[in-house]
Amino acid sequence: DNIAAKAMKKAPAERYASAAAFAEDLRRYLADEPVAARADTWRYRAGKFVRRHRVGVAAGTLVALALVGGSVGTAWQALLARRERDEALAQTALAQARSNLLNLALNVTGGPDAPITLRQILDRSVTLVDQQFAADPRIAVDLLVTLAGQYEHAGEAERDAALMARATQIAQASADAALVANVACNSVSTELALG
């Protein structure tokens, strides 16, 4: 349409200068190349390029999509691997903390004349949690919840409630939603024991 319109312009200066220029535009049109009869824009040139190189553009697009998809997939897997690594490190630290707490608590034995009671071991353990693990809320909360459960089993609901309240404060101060939820779930038995 543009070639025909240019060839039939009323003003001679706006028409093709020669039959060769007209033939060149027709040849370019048939070869899917940009023609002189149309305004030269980036979009027009890109469209003509895509028409001339359909297979190459399609292959390039597929390769680009595969690269982007692969990069996104790799980044996602790396993120998941980092999360799993962090969780494994946290579980290792927690296991080590429990082991350390047990060793420290049991090192305070009473001796043959003054045997140590369960309450003394639990009280000593709570003190050790405050001294040794205050810097890591996740470990401190886990240990306090565990010790609170031991107080509950020993029939000391008030001490259980006090430890759960402290664990709740530490969890809320850490702003870790999973930690807060963990303490809330573990508080149910404490609340039931208190009536």
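As a basis for the values below, the full set of heavy atoms in this structure was taken, side chains included, without hydrogen atoms, waters or symmetry mates.
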Trainee: Report the distance from atom CG of N186 to atom CG of L144, rounding to the nearest 0.5 Å.
Mentor: 11.5 Å

Trainee: Which atoms form the tightest heavy-atom contact between R159 and D123, and what is the distance?
Mentor: NE-OD1, 3.7 Å

Trainee: Measure from the side-chain N and O atoms of Y44 to the backbone N and O of V35, and report whether any donor-acceptor pair falls under 3.5 Å.
Mentor: yes

Trainee: Testing the basics here: between R15 and A7, what is the closest heavy-atom pair and its distance to 0.1 Å?
Mentor: CD-O, 3.3 Å

Trainee: Which atom pair, heavy atoms only, marks the closest approach of Q131 to R124?
Mentor: OE1-NH1, 4.5 Å

Trainee: If the threshold is 4.0 Å, N to carboxylate O, is there a salt bridge linking R138 and D142?
Mentor: no

Trainee: Is D1 atom CG crowded by more than 12 heavy atoms from other residues, nucleotides or ligands, each under 6.0 Å away?
Mentor: no

Trainee: Specify the closest pair of heavy atoms between A140 and I170, including all atoms of both residues, with the distance to one decimal.
Mentor: CB-CD1, 4.5 Å

Trainee: Checking D25 side chain against A36 main chain: does a donor-acceptor pair fall under 3.5 Å?
Mentor: yes

Trainee: How long is the span from the CZ atom in R27 to the CD atom in E33, to the nearest 0.5 Å?
Mentor: 5.0 Å

Trainee: Same hydrophobic cluster for F22 and L30, using side-chain heavy-atom links shorter than 4.5 Å among ILVMFWY?
Mentor: yes

Trainee: For a quick test of reading the model, state the closest non-hydrogen atom pair linking S174 to A171 and the distance between them.
Mentor: OG-O, 2.7 Å

Trainee: From L163 CG over to L122 CG, what is the distance, rounded to the nearest 0.5 angstrom?
Mentor: 8.5 Å

Trainee: Determine whether I139 and V180 fall in the same hydrophobic cluster, where Ile, Leu, Val, Met, Phe, Trp and Tyr are linked whenever their side-chain heavy atoms lie under 4.5 Å apart.
Mentor: no

Trainee: Is any side-chain N of the basic residue among D130 and R166 closer than 4.0 Å to the acidic one's carboxylate O?
Mentor: yes

Trainee: Just wondering, do D176 and P137 contact through their side chains at under 4.5 Å, heavy atoms?
Mentor: no

Trainee: Test your reading of the model: is there a side-chain donor-acceptor pair from R52 to the backbone of D32, 3.5 Å cut-off?
Mentor: yes

Trainee: Taking the side chain as every heavy atom from C-beta outward, state whether F49 and V57 have any pair of such atoms under 4.5 Å apart.
Mentor: yes

Trainee: Taking atom CD of Q172 and atom OG1 of T168, what is their separation to the nearest 0.5 Å?
Mentor: 6.0 Å

Trainee: Would you say Y16 has more than 12 foreign heavy atoms packed within less than 6.0 Å of its OH?
Mentor: yes

Trainee: For V145 and A167, which heavy atoms make the closest approach, and how far apart are they?
Mentor: CG2-CB, 4.2 Å

Trainee: To the nearest 0.5 Å, what is the distance between CE (M164) and CD (E152)?
Mentor: 9.0 Å

